[in-house]
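Report on the structure given below.
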Amino acid sequence: MAPFGFIFLANRGNLTKAKLYEAIRRRLGREPGCYGVQVRPSRARPRTIEARVETAEFLGRAYAVDDATLTVRFSYPRAVGYEYYIIEWSEAARDLGIGWHQDEDHPDLGECHFQFDYAGATIDRRSATFIDEHPLEVLETRLDQLRAVLPQIDWAEGEPKLSDDGLPVPE
């Protein structure tokens, strides 16, 4: 018999935004290192989920900064047959942000792109693997990729860089 979670994940057609955001809030609340998980502006009108992150606990290893913020947004545009999302990691201490954007921006990069921001500017943007799965599966995949990407950021010469092959592909 399939676990209950599997049945829920398979039925994304009946998932309302409020239910999805509550499921993501609960999921991030169980994530090692994530705390203070909030739905903004409110559970009744969800638009964004934010979690504060203790980086060493989240990554399972020492990291250059102690805390970060994880932001998750999903939307359901009528013009396409899949969800749009933004899943971003930001570090205020280093003015660093990285994340995946599956949206209408930058169509030259495909349906999904990875964006790397530093010091208030986008320093890298590249095509990323499109994932047409249930939003909770997308979140799981991107969290795994985030754990793989962060240690690969090279801070040579005082600015962050990610090698061309530094962006993992979902398994």
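Nothing fancy with the numbering, it's 1 onward along the sequence. Computed from a predicted model, the values in this text were never measured in an experiment. As a basis for the values below, the full set of heavy atoms in this structure was taken, side chains included, without hydrogen atoms, waters or symmetry mates.
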Point to revise | Any residue meeting side chain to side chain donor-acceptor pair (under 3.5 Å) with Glu91, in chain and number order, not counting sequence neighbours | key: Tyr63, Trp89, Arg94
Review point. Could you go step by step and tell me if Leu59 and Leu150 meet the side-chain contact (heavy atoms from CB on, under 4.5 Å) rule?
Key: CA-CA 9 Å; Leu59 294 170; Leu150 288 168; 3.9 Å; yes
Check your understanding: Listed by chain and number, what are the salt bridge (Lys or Arg N to Asp or Glu O under 4.0 Å) partners of Arg27, not counting sequence neighbours?
Key -> Glu31, Glu140
Practice item. Please answer: with hydrophobic residues joined when any side-chain heavy atoms are less than 4.5 Å apart, are Phe114 and Ile153 in the same cluster? Key: yes
Practice item. Would you please test Thr71 and Thr69 for side-chain contact (heavy atoms from CB on, under 4.5 Å) and show each step? Key: CA-CA 6 Å; Thr71 305; Thr69 302; 3.9 Å; yes
Review point. Is a side-chain donor or acceptor of Gln102 paired with a backbone partner of Glu83 at a separation under 3.5 angstrom?
Key: yes
Exercise for review: Report yes if some heavy atom in the side chain of Tyr21 is under 4.5 Å from a heavy atom in the side chain of Arg26; otherwise report no.
Suggested key: no
Study note, to complete from the structure: To the nearest 0.5 Å, atom CD1 of Ile49 lies from atom CG of Leu28 at 6.5 Å
Review point. Applying salt bridge (Lys or Arg N to Asp or Glu O under 4.0 Å), which residue pairs with at least one partner in residues 96-125 are found, sequence neighbours left out?
Key: Asp124-Arg126
Exercise for review: Kindly write out the residues that satisfy ring-ring contact (aromatic ring centres under 6.0 Å, His included) with His101, not counting sequence neighbours, or none if the list is empty.
Suggested key: His113
Point to revise | Worked check of side-chain hydrogen bond (donor to acceptor under 3.5 Å, both in side chains) between Gln115 and Thr122 | key: CA-CA 7 Å; Gln115 188 163 311; Thr122 299; 3.3 Å; yes
Review point. Are side-chain heavy atoms of Thr129 and Cys112 found at a separation under 4.5 Å?
Key: no
Review point. Sequence neighbours excluded, which residues qualify as side chain to side chain contact (heavy atoms under 4.5 Å, CB included) partners of Gln145?
Key: Trp100, Thr141, Arg142, Pro168, Pro170
Exercise for review: Indicate the atoms forming the closest heavy-atom contact of Leu20 with Pro135, along with that distance.
Suggested key: CD1-CB, 3.5 Å
Practice item. With sequence neighbours left out, write down each residue that passes ring-ring contact (aromatic ring centres under 6.0 Å, His included) with Tyr118, or none if nothing qualifies. Key: Trp155
Exercise for review: Pick out which of Leu167, Ile123, Val149 makes a side chain to side chain contact (heavy atoms under 4.5 Å, CB included) with Phe116.
Suggested key: Ile123
Check your understanding: What about Leu146 and Ile86, same hydrophobic cluster or not, with Ile/Leu/Val/Met/Phe/Trp/Tyr joined at side-chain heavy-atom distances under 4.5 Å?
Key -> no
Point to revise | Residue list, ring-ring contact (aromatic ring centres under 6.0 Å, His included) with Phe130, at least two apart or on another chain | key: Tyr82
**Study point:** Donor-acceptor under 3.5 Å (Thr48 side chain, Arg40 main chain)
**Key:** no
Practice item. Please list, chain by chain and in numerical order, all residues satisfying side chain to side chain donor-acceptor pair (under 3.5 Å) with Asp164, sequence neighbours excluded. Key: none
Point to revise | Gap separating the SG atom of Cys34 from the CG atom of Leu70, nearest 0.5 angstrom | key: 5.5 Å
Point to revise | Pairing residues for Tyr85 by the ring-ring contact (aromatic ring centres under 6.0 Å, His included) criterion, not counting sequence neighbours | key: Phe74
**Study point:** hydrophobic_cluster_shared for Leu139 and Tyr35, side chain cutoff 4.5 Å
**Key:** no
